[in-house]
6 protein chains.
Amino acid sequence: MKTALFPGSFDPVTNGHLDIVSRAGRIFDRIIVAVASNESKSALFSMEERKKFLEHVCMDIPNVEVISFKGLLLDAARNLKVSAVLRGLRAISDFEYEFQMAMMNKELDSRFETVFLMSSSQYSFVSSRMIKEIVRLGGDVTPFVPPIVNQALKEKRGKILEETAE
Amino acid sequence: MKTALFPGSFDPVTNGHLDIVSRAGRIFDRIIVAVASNESKSALFSMEERKKFLEHVCMDIPNVEVISFKGLLLDAARNLKVSAVLRGLRAISDFEYEFQMAMMNKELDSRFETVFLMSSSQYSFVSSRMIKEIVRLGGDVTPFVPPIVNQALKEKRGKILEETAE
Amino acid sequence: MKTALFPGSFDPVTNGHLDIVSRAGRIFDRIIVAVASNESKSALFSMEERKKFLEHVCMDIPNVEVISFKGLLLDAARNLKVSAVLRGLRAISDFEYEFQMAMMNKELDSRFETVFLMSSSQYSFVSSRMIKEIVRLGGDVTPFVPPIVNQALKEKRGKILEETAE
Amino acid sequence: MKTALFPGSFDPVTNGHLDIVSRAGRIFDRIIVAVASNESKSALFSMEERKKFLEHVCMDIPNVEVISFKGLLLDAARNLKVSAVLRGLRAISDFEYEFQMAMMNKELDSRFETVFLMSSSQYSFVSSRMIKEIVRLGGDVTPFVPPIVNQALKEKRGKILEETAE
Amino acid sequence: MKTALFPGSFDPVTNGHLDIVSRAGRIFDRIIVAVASNESKSALFSMEERKKFLEHVCMDIPNVEVISFKGLLLDAARNLKVSAVLRGLRAISDFEYEFQMAMMNKELDSRFETVFLMSSSQYSFVSSRMIKEIVRLGGDVTPFVPPIVNQALKEKRGKILEETAE
Amino acid sequence: MKTALFPGSFDPVTNGHLDIVSRAGRIFDRIIVAVASNESKSALFSMEERKKFLEHVCMDIPNVEVISFKGLLLDAARNLKVSAVLRGLRAISDFEYEFQMAMMNKELDSRFETVFLMSSSQYSFVSSRMIKEIVRLGGDVTPFVPPIVNQALKEKRGKILEETAE
């Protein structure tokens with residue numbers, strides 16, 4: 001059985017992430033979505049919230065499991081004995097960074113593999129960072145995120161404004 | 001009458017910005033330079049200073065108006081009923097980011113248009129961020145900014161050093 | 001009155017070209033679509049055919065005129081006294097080439113301006129070259145070209161195969 | 001069972017191709033290497049030679065099959081009922097082209113998926129085109145191609161020189 | 001005698017830096033490795049530590065000297081009367097930034113020259129930032145840094161975790 | 001004594017090439033400009049013409065020698081015992097190609113070094129190919145090439161038109 005690990009911050013999950021997960025389901029037997037604990041970045045949503053949103057929106061996609069992890073992606077991939085790590089590619093800047101990460105991980109463990117799916121064109125400009133920026137400026141992100149995330153972002157808008165005001 | 005909105009932080013305005021504004025005057029009937037309030041970034045110059053510099057340096061360019069705005073660029077463009085948003089392109093990294101922004105705004109409002117002018121080659125490496133970095137290190141930015149900004153940067157040098165020392 | 005010149009080979013015109021022309025109509029008062037005579041490349045369609053397709057598909061877009069030109073784009077722009085040359089940007093490789101052309105033309109005549117519109121995301125991968133490649137391999141390009149071009153490509157398929165077989 | 005189709009010209013197969021095939025074997029249950037007939041390009045090696053080299057060098061990699069195909073990649077993928085098309089990514093220019101192809105194929109058939117593996121750093125500069133260029137100039141490509149190909153290139157050197165002399 | 005100045009933060013020095021220094025020794029008569037004081041970034045290692053590591057690892061490379069500098073690179077290059085500034089290029093993002101810096105310095109002083117060496121492929125993904133990130137997550141960076149730095153990173157691990165936890 | 005080899009087709013030499021040669025003279029003790037015989041491309045100017053133009057325009061730059069070479073650049077560099085090969089970098093597409101070449105040559109001979117100088121901004125869009133294209137279309141390239149080349153291009157214009165008409 002071929003399993004792929006799909007890691008990320010998912011702060012919050014977007015329709016672009018969902019697109020990758022559901023398409024990967026046709027290629028792998030099983031997908032493990034892995035929320036990174038991200039100690040170093042101040043996340044908008046807590047680990048629990050980010051995991052809850054993912055579980056909710058992946059509910060109807062077969063063979064998907066949501067977990068969280070701490071530490072090196074490489075160690076998570078080894079412990080879970082996955083066939084490959086799955087990443088979405090949106091644009092050149094993604095490509096550069098992903099290339100560096102994939103090569104470094106490969107160097108640290110030659111069995112480590114990263115496979116890439118390209119974002120569908122309608123999501124090629126959607127990122128968690130842009131979603132938060134638009135919400136901060138009072139914009140509407142309904143077309144870019146699942147309804148449960150859209151609702152949560154509206155409730156969080158106060159917090160977003162406070163943080164950026166500092 | 002065709003109006004273009006030229007948004008930015010302008011912290012501070014550079015000769016590269018001026019180049020774009022004056023060239024755009026041959027293409028559009030009217031240019032509105034719009035200073036973003038940038039709550040989230042700690043600006044070197046206040047909104048009032050940034051606007052004052054722009055008004056001073058655009059004085060002799062016909063059909064240019066300087067305003068400030070808060071919130072989404074998309075909303076500013078709608079309220080002002082402009083034909084298009086105008087952006088300068090310097091390099092690949094600009095291109096990536098501008099591409100994402102233009103596509104996301106287009107998705108949010110299909111009437112929204114972004115037009116791009118490429119920086120003149122002599123300004124292709126000039127950015128507000130680099131200007132501030134050079135001043136911080138004690139360098140001379142006379143060739144890259146209008147005289148009024150050059151003078152103000154000299155006066156601000158103390159503040160720049162303090163901030164980066166923290 | 002602000003006029004833009006939209007030059008290209010248009011061999012053949014695609015839905016991506018049409019998208020740019022119709023969006024430009026909101027920004028400029030008038031668009032001149034200019035088919036380059038391309039002596040150096042062996043075109044699939046003759047100049048007459050390429051012009052005919054463009055006239056047909058631009059029929060319902062107001063303030064658009066189709067012409068053909070020989071020689072330097074710069075000279076055509078001067079003779080027609082346009083405000084700017086209009087180009088679509090699809091991707092990085094476009095960007096590099098367009099950047100070089102825009103800077104060289106600017107150097108040859110400082111009044112020359114190039115403005116860019118970014119392709120809509122659903123056309124960001126459509127090019128005349130790819131259209132011809134797909135037809136050559138027996139594929140269907142219905143979603144990417146106007147019906148009149150689709151029909152003509154089917155009729156030309158024999159010629160495309162012959163050329164590539166040499 | 002998850003099958004990947006790995007298409008290409010393979011004119012000739014390089015150690016970079018082999019690296020991708022053998023790594024993909026850990027991710028997919030089965031790999032079909034598909035040699036494109038490339039009517040439009042004048043290949044150095046005939047279809048039979050290119051297939052023979054691939055069969056020879058893939059002999060010891062389990063679950064790999066070598067075929068040839070004509071026409072659209074999309075049609076080959078459909079007929080073979082593969083889970084995904086597999087492509088190697090070397091650099092930015094690859095990325096741009098691969099991105100366009102993946103998006104266009106996705107548009108023509110929404111079930112079509114392309115997955116990417118990045119070249120190992122030691123092969124990131126190896127391409128069939130460069131191999132042929134070096135041989136043409138009298139250089140040694142021993143580190144970059146399998147021994148059977150190296151031998152064949154030495155025998156073909158006369159033909160390469162003739163073609164480029166025209 | 002031709003001298004090159006090799007500036008950087010070196011926080012900490014990596015095997016990639018060492019690769020550039022030792023290769024540059026074949027091209028220039030003398031290399032001055034110059035550690036920037038970096039007031040604006042909170043460095044992991046102090047200036048003294050960074051200089052000490054460099055002195056230790058460059059000990060056996062002939063004609064290399066390690067210094068520290070404050071302020072503009074341009075001024076350091078002038079004061080030391082070097083023939084050129086030396087920079088390593090890893091990837092596109094490096095390229096963009098380095099291009100801007102080289103052009104701006106050239107504009108400020110036309111005698112200023114920057115020469116570039118490309119990273120060896122096995123170090124093309126190694127950066128001080130990634131090294132620190134891997135250590136923070138509990139990973140092993142033995143293949144990427146000199147032993148003296150590896151040891152120091154293990155001792156600093158507590159400090160790295162604290163900072164990112166804030 | 002440090003010698004750099006500056007290879008190219010120089011068909012024809014441009015002001016961009018001259019800029020690189022004269023700047024390199026401050027970094028190296030001696031520059032050998034090496035015209036590649038380019039059997040595979042149909043050059044506009046013969047090897048003798050290309051060499052003659054270079055000798056003429058480099059006459060006043062001290063320590064520059066012009067030669068021609070056949071075969072691998074790597075072999076030329078070895079035979080001439082140069083310290084490094086010198087290349088100009090104009091843009092991303094240059095970068096990609098140069099990166100591949102530098103890495104492949106390094107792999108074939110670990111002592112082989114390539115150093116890069118970035119084009120001055122005013123020449124960042126000048127290439128021999130573009131020069132020939134502009135002349136073909138009847139344009140003026142006076143600002144981009146030395147007078148001796150400008151004159152020769154005018155005389156060759158007939159030949160350029162013929163070739164592209166085929």
Side-chain angles (χ1 to χ4, degrees), chain A residues 1-6 16 19-32 63 77-78 80-125, chain D residues 1-6 16 19-32 63 77-78 80-125:
Chain A
M1 198 178 67
K2 301 298 186 185
T3 302
L5 185 68
F6 184 40
D19 170 59
I20 297 287
V21 173
S22 59
R23 286 161 53 201
R26 283 179 239 153
I27 300 165
F28 292 93
D29 298 301
R30 186 162 152 256
I31 314 289
I32 303 174
N63 305 319
R78 271 179 191 149
L80 294 161
K81 295 188 183 6
V82 298
S83 305
V85 162
L86 171 72
R87 299 287 292 164
L89 279 182
R90 255 170 331 200
I92 298 300
S93 35
D94 275 7
F95 176 78
E96 287 293 319
Y97 178 75
E98 296 291 342
F99 195 77
Q100 285 196 317
M101 287 306 296
M103 288 214 288
M104 185 161 264
N105 280 322
K106 185 89 189 160
E107 186 71 26
L108 288 168
D109 182 349
S110 67
R111 292 159 309 167
F112 186 96
E113 289 296 344
T114 310
V115 300
F116 298 90
L117 283 183
M118 281 186 186
S119 294
S120 299
S121 60
Q122 72 265 40
Y123 300 122
S124 62
F125 49 84
Chain D
M1 198 178 68
K2 301 297 185 184
T3 302
L5 185 69
F6 184 41
D19 169 59
I20 297 287
V21 173
S22 60
R23 286 161 52 200
R26 283 180 238 153
I27 300 165
F28 292 93
D29 299 301
R30 185 163 154 256
I31 313 289
I32 302 174
N63 305 320
R78 271 179 191 148
L80 294 160
K81 296 187 183 7
V82 298
S83 305
V85 163
L86 171 71
R87 300 288 290 164
L89 278 182
R90 256 171 330 202
I92 297 301
S93 34
D94 275 7
F95 176 77
E96 287 293 320
Y97 178 75
E98 296 291 340
F99 195 77
Q100 284 196 318
M101 288 305 297
M103 288 212 289
M104 184 162 264
N105 281 321
K106 186 87 190 161
E107 185 72 26
L108 288 167
D109 182 347
S110 68
R111 291 160 310 168
F112 185 96
E113 289 296 343
T114 309
V115 300
F116 298 90
L117 282 183
M118 281 187 185
S119 293
S120 299
S121 60
Q122 72 264 40
Y123 299 123
S124 62
F125 49 84

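We name chains A, B, ... by the order of the sequence lines, and we start the count at 1 in each one. What you see below is based on every heavy atom in this structure, not just the backbone, and it leaves out hydrogens, waters and symmetry mates.
- Residue A/R87 does not touch chain D at all, counting heavy-atom pairs closer than 4.5 Å.
- The two atoms that bring A/S83 and A/M1 nearest to each other are OG-O, 4.3 Å, heavy atoms only.
- Top candidate by heavy-atom pairs under 4.5 Å with chain A, chosen from D/T114, D/T3, D/L86, D/D29, is D/D29.
- Residues D/M118 and A/M103 are not in side-chain contact: their nearest non-hydrogen atoms beyond the backbone lie 4.5 Å or more apart.
- Between the CD atom of A/E107 and the OG atom of D/S121 there is a distance of 6.5 Å, given to the nearest 0.5 Å.
- Contact count versus chain D (heavy atoms, under 4.5 Å) is highest, among A/I27, A/V115, A/L117, for A/I27.
- Checked against ring pair (Phe, Tyr, Trp, His ring centres under 6.0 Å), D/F28 has no partners two or more places apart in sequence or in another chain.
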